Amino acid sequence: MSVTVNDYAELVKERSPKSAVWKNCVSAYIWGGGICLFGEFIANLIIRFFKIEKKEALGFASIALIFIAIALTGLNVFDSIAKKAKAGTLVPITGFANSMASPALEFRSEGFVAGLGAKIFVIAGPVIVYGLSASVLYGLIIYIFKLF
Amino acid sequence: MNYLFAFLTGGALCAIGQLLIDKTKLTPARILVAYVAAGVVFSGLGLYQPLVDLAGAGATVPLTGFGHVLADGVREAVAEEGLFGVLTGGFTATAGGIAAAVFFSFIAAVIFKPKDKSE
Amino acid sequence: MPKRTGKKTILFEKPPSIISSGSVAGKKEGEGPLAPYFDTIMKESRMGQPSWEKAERLMQKNSAQKALEKAGLAFSDIDYIFAGDLLNQCVSSSYAFREYDVSFFGLYGACSTIAESLCLAAVFAESGAAKNCLCATSSHFCSAERQFRFPLEYGGQLTPTSQWTATAAGAFIVSSSGAAPFVRAATVGAIEDLGIKDINNMGAAMAPAAAKTIGNFLADTKTKPSDYDLILSGDLGKVGSDMLLQLLKREGVDISQNHNDCGLILFDESQEVNAGASGAGCSAAVLASYIMPKLKSGELGDILFVATGALMSTLTVQQGESIPCIAHLVRLSHGLL
């Protein structure tokens with residue numbers, strides 16, 4: 001055919017429908033902001049009832065959101081919400097929770113060990129690997145700086 | 001006032017994520033990794049704690065907050081335990097979240113089944 | 001005997017007949033515009049099975065049984081099975097037919113598989129190697145999704161260029177003698193790769209293969225697009241169909257008047273499938289349910305069916321490679337002129 005790889009890439013780029021970027025960003029902003037606002041609300045409730053530090057309360061709020069996200073995943077509705085919320089459910093801790101619960105559910109048919117157990121980290125694994133590695137590097141840096 | 005800042009900050013972090021998905025070739029998985037790593041870096045530079053003080057959950061709920069908790073944990077552990085803390089700090093601080101996600105996911109997988117999205 | 005003509009085309013001098021076809025569609029597919037044409041519409045997509053994979057093989061088996069039933073044949077009357085699907089190692093096909101003592105060819109051509117199998121079956125039937133051949137393919141949204149993309153419950157985002165894997169199966173009986181429709185010719189595609197890497201834009205990746213195969217067929221047979229009532233591509237979807245027209249236009253071939261695409265017929269706009277349908281079962285089920293009766297009655301006289309397939313694996317995608325694609329064409333007609 002007379003068309004070259006570069007020509008074709010150009011043509012495909014030009015004629016493929018584009019994502020509705022600004023509309024997606026607005027959805028992400030509203031949903032993501034809403035989830036964080038709800039997290040703040042949970043944290044304040046916890047402070048009020050258990051009289052603990054804000055830092056700890058924020059930790060519990062995240063865990064509550066993890067619980068809710070996983071429950072919604074199990075009830076088969078998280079993905080429908082995510083379709084509307086775009087990155088609004090992905091970026092908050094809810095996205096992390098869903099990325100563990102969804103393969104756990106999906107791969108249970110391959111068994112509890114080789115399926116559920118092994119595949120649970122198939123999407124979230126990299127987040128833990130690189131987050132933890134970054135924290136170790138950072139720890140090393142501050143440790144070395146403290147020596148001198 | 002806290003609620004307003006929580007909404008604005010959390011929303012902004014999500015909107016940036018969406019912009020990265022739509023405008024770059026980055027996959028969502030890469031964006032999450034970048035967010036966590038960025039959280040560690042910004043926290044290490046002392047830039048993230050002020051955001052947490054201002055926005056509360058708006059800064060801790062997005063995955064950059066996960067990175068911040070990792071960095072924060074390492075900082076404290078190194079101060080208390082020295083070299084050993086380099087290794088234990090991050091995992092210890094985030095253990096609650098990770099264990100919760102693992103355990104709840106396990107329970108969910110025992111109770112529920114995935115459903116066809118075309119139904 | 002089959003006769004080779006031009007660069008890549010086989011002409012059938014005593015054209016084999018497609019004596020019957022069977023189709024099974026998923027629930028969503030059964031809510032689309034082709035609902036009245038399917039033989040079976042699944043009530044739920046697990047079909048009472050414990051896994052999606054088991055459901056898919058049952059679907060493929062059911063479509064084959066339907067085709068046999070309509071032809072008044074049994075598995076014992078079949079000389080060869082040519083079957084394939086999207087799952088690793090073509091397990092849907094091999095498990096679907098393991099209980100029958102019939103010579104079996106497992107094929108992998110991704111979404112092009114049904115054209116590949118029709119072509120091979122026609123060659124076998126006309127050459128005298130077989131009297132009756134069974135061609136069958138299937139795809140299942142859920143089994144494909146978990147193999148190629150993400151878990152079903154994962155809250156991911158799909159781009160507007162992505163295609164929806166159809167839950168569908170189609171089967172055909174190709175016989176050395178019989179009534180219309182007939183397999184008149186076939187053009188076997190070569191692997192074509194124009195550098196597209198985006199697995200969420202498979203239509204664009206496959207369009208060059210379709211353009212090339214159609215171009216080869218027209219040149220080999222010295223015919224023009226207007227000689228055919230319909231040029232039906234398999235699973236290019238919106239983006240791919242547009243690309244196909246664009247690419248052929250550059251070669252001076254205009255098929256815009258009589259082109260349609262299985263990926264655009266299966267669902268309607270409101271069903272939220274982005275750029276359209278795809279999957280090995282999509283083109284097979286559309287051809288088996290919607291097109292076959294029209295060819296039989298003569299409402300469609302002469303058509304070109306061009307099924308396209310994207311031949312990457314999840315591994316090559318992760319390794320950052322572009323998508324090799326293929327398109328096979330079969331010419332089907334009502335009459336023998």
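These figures come from a predicted structure and were not determined experimentally.
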Trainee: Against chain A, label Glu76(B) side chain, backbone, both or neither, depending on which of its atoms sit under 4.5 Å from a heavy atom there.
Mentor: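 Just the side chain, heavy atoms under 4.5 Å.
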
Trainee: Is there a donor-acceptor contact under 3.5 Å from the side chain of Asn76(A) to the main chain of Lys113(B)?
Mentor: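 Yes, Asn76(A) side chain to Lys113(B) backbone: donor-acceptor pair under 3.5 Å.
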
Trainee: Quick one: pull up CG in Leu105(A) and NZ in Lys115(B) and give me the separation to the nearest 0.5 Å.
Mentor: 13.0 Å

Trainee: Tell me, side chain or backbone of Ala77(B) under 4.5 Å from chain A's heavy atoms, or both, or neither?
Mentor: neither

Trainee: Would you say Phe112(A) has more than 12 foreign heavy atoms packed within less than 6.0 Å of its CZ?
Mentor: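 Yes.
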
Trainee: Between Arg75(B) and Gly139(A), is there a donor-acceptor pair closer than 3.5 Å when you use the side chain of the first and the backbone of the second?
Mentor: no

Trainee: Identify the heavy atoms of Leu19(B) and Cys25(A) that sit nearest to each other, and give their distance.
Mentor: CD1-SG, 3.6 Å

Trainee: Over 60° means perpendicular and under 30° means parallel, so tell me whether Phe67(A) and Phe104(B) are parallel, tilted or perpendicular.
Mentor: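 Rings of Phe67(A) and Phe104(B): perpendicular, as their planes differ by over 60°.
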
Trainee: Highest number of heavy-atom pairs under 4.5 Å with chain A: which of Gly90(B), Ala101(B), Ala59(B)?
Mentor: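 Looking at each of Gly90(B), Ala101(B), Ala59(B) in turn, Ala101(B) comes out on top.
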
Trainee: Can you tell me how far CD1 of Ile70(A) sits from CZ of Phe103(B), rounded to the nearest 0.5 angstrom?
Mentor: 11.0 Å

Trainee: Checking Lys18(A) against chain B: side chain, backbone, both or neither under 4.5 Å from a heavy atom?
Mentor: neither

Trainee: Just verifying a value: how many Å separate Ile93(A) CD1 and Leu63(B) CG, rounded to the nearest 0.5 Å?
Mentor: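 Separation between the atoms: 5.5 Å.
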
Trainee: With heavy-atom distances below 4.5 Å as the criterion, would you say the side chains of Phe121(A) and Val102(B) are in contact?
Mentor: yes

Trainee: Given side chain to side chain contact (heavy atoms under 4.5 Å, CB included), test Leu90(A) with Tyr35(B) step by step and report yes or no.
Mentor: CA-CA 11 Å; Leu90(A) 174 85; Tyr35(B) 263 61; over 6 Å; no

Trainee: Counting only non-hydrogen atoms closer than 4.5 Å, does Asn98(A) touch chain B with its backbone (N, CA, C, O), its side chain (CB onward), both, or neither?
Mentor: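 Neither; nothing under 4.5 Å.
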
Trainee: Against chain A, work out which of Gly89(B), Ala99(B), Ala71(B) has the most heavy-atom pairs shorter than 4.5 Å and name it.
Mentor: Ala71(B)

Trainee: Heavy-atom pairs under 4.5 Å with chain A are the metric here; pick the option from Gly44(B), Ala93(B), Gly58(B), Ala108(B) that has the most.
Mentor: Gly44(B)

Trainee: Using a cut-off of under 4.5 Å for heavy-atom pairs, which of Ala100(B), Gly39(B), Gly56(B), Ala55(B) has the most such pairs with chain A?
Mentor: Gly56(B)

Trainee: At a heavy-atom distance under 4.5 Å, which candidate from Ala71(A), Gly74(A), Ser133(A), Gly95(A) has the highest pair count against chain B?
Mentor: Gly74(A)

Trainee: Would you name the heavy atoms of Cys36(A) and Ala6(B) that are closest together and state the gap between them?
Mentor: CB-O, 3.6 Å

Trainee: Is a side-chain donor or acceptor of Gln18(B) paired with a backbone partner of Ala87(A) at a separation under 3.5 angstrom?
Mentor: yes

Trainee: Just how far is it from atom NZ of Lys146(A) to atom CG of Leu83(B), taken to the nearest 0.5 Å?
Mentor: 10.0 Å

Trainee: Select one option (side chain, backbone, both, neither) describing which atoms of Leu8(B) are under 4.5 Å from chain A's heavy atoms.
Mentor: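 Contact with chain A is through both the backbone and side chain of Leu8(B).
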
Trainee: Go through the atoms of Leu132(A) and report whether side chain, backbone, both or neither lie under 4.5 Å from a heavy atom of chain B.
Mentor: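 Answer is both: backbone and side chain atoms of Leu132(A) are under 4.5 Å from chain B.
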
Trainee: Please round to the nearest 0.5 Å and tell me the distance separating atom CD1 of Ile21(B) and atom CG of Asn24(A).
Mentor: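 The CG atom of Asn24(A) is 8.5 Å from CD1 of Ile21(B), to the nearest 0.5 Å.
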
Trainee: Check whether Val61(B) gets within reach of chain A through its side chain, its backbone, both or neither, counting any heavy atom under 4.5 Å.
Mentor: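 For Val61(B), the contact with chain A is made by backbone and side chain together.
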
Trainee: Hey, is CZ on Phe107(A) packed in by over 12 heavy atoms from elsewhere, all under 6.0 Å?
Mentor: yes

Trainee: Check step by step if side chain to side chain contact (heavy atoms under 4.5 Å, CB included) holds for Phe96(A) and Leu32(B).
Mentor: CA-CA 8 Å; Phe96(A) 177 74; Leu32(B) 293 190; 5.7 Å; no

Trainee: For Tyr3(B), is there any backbone N or O sitting under 3.5 Å from a side-chain donor or acceptor partner on Glu40(A)?
Mentor: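 Judged by distance alone, no pair lies under 3.5 Å.
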
Trainee: Could you look at Val41(B) and say if it's the side chain, the backbone, both or neither that has a heavy atom under 4.5 Å from chain A?
Mentor: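 Contact with chain A is absent: no heavy atom of Val41(B) under 4.5 Å.
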
Trainee: Any chance you could measure Asn2(B), atom CG, to Asn44(A), atom CG, to the nearest 0.5 Å?
Mentor: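 It comes to 6.5 Å.
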
Trainee: So which part of Phe91(B) gets closer than 4.5 Å to some heavy atom of chain A, the side chain, the backbone, both or neither?
Mentor: both

Trainee: Do the side chains of Phe7(B) and Tyr29(A) get nearer than 4.5 Å, heavy atoms only?
Mentor: yes

Trainee: Run the numbers on Val36(B) and Tyr130(A) for side chain to side chain contact (heavy atoms under 4.5 Å, CB included), then give the verdict.
Mentor: CA-CA 8 Å; Val36(B) 173; Tyr130(A) 292 104; over 6 Å; no

Trainee: Hey, is CD on Glu10(A) packed in by over 12 heavy atoms from elsewhere, all under 6.0 Å?
Mentor: no

Trainee: Identify which part of Val52(B) has an atom lying under 4.5 Å from any heavy atom of chain A, answering side chain, backbone, both or neither.
Mentor: side chain

Trainee: For each of Pro92(A), Ala97(A), Ala101(A), tally heavy-atom pairs with chain B at distances under 4.5 Å, and name the one with the top tally.
Mentor: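 Answer, by heavy-atom pair count under 4.5 Å with chain B: Pro92(A).
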
Trainee: Does any heavy atom of chain B fall under 4.5 Å from the side chain of Trp31(A), the backbone, both, or neither of them?
Mentor: neither

Trainee: Do Val78(B) and Tyr138(A) have side-chain heavy atoms sitting under 4.5 Å apart?
Mentor: no

Trainee: Picking from Gly10(B), Cys14(B), Gly97(B), which has the most non-hydrogen pairs under 4.5 angstrom with chain A?
Mentor: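 The candidate making the most pairs under 4.5 Å is Cys14(B).
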
Trainee: So for Leu140(A), is it side chain, backbone, both, or neither that comes closer than 4.5 Å to the heavy atoms of chain B?
Mentor: both

Trainee: Does the side chain of Phe106(B) come within less than 4.5 Å of Leu116(A)'s, by heavy atoms?
Mentor: yes

Trainee: For atom CZ of Phe60(A), decide whether the heavy atoms of other residues, nucleotides or ligands shown that lie under 6.0 angstrom number more than 12.
Mentor: no

Trainee: Between Asp22(B) and Lys86(A), does any side-chain N to carboxylate O distance fall below 4.0 Å?
Mentor: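 No, Asp22(B) and Lys86(A) are not salt-bridged.
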
Trainee: Only pairs of heavy atoms separated by less than 4.5 Å count here; which of Gly33(A), Ser109(A), Ser19(A) has the most with chain B?
Mentor: Gly33(A)

Trainee: As a quick check of understanding, evaluate side chain to side chain contact (heavy atoms under 4.5 Å, CB included) for Ile128(A) and Ile98(B), giving each step before the final call.
Mentor: CA-CA 9 Å; Ile128(A) 297 174; Ile98(B) 295 173; 4.3 Å; yes

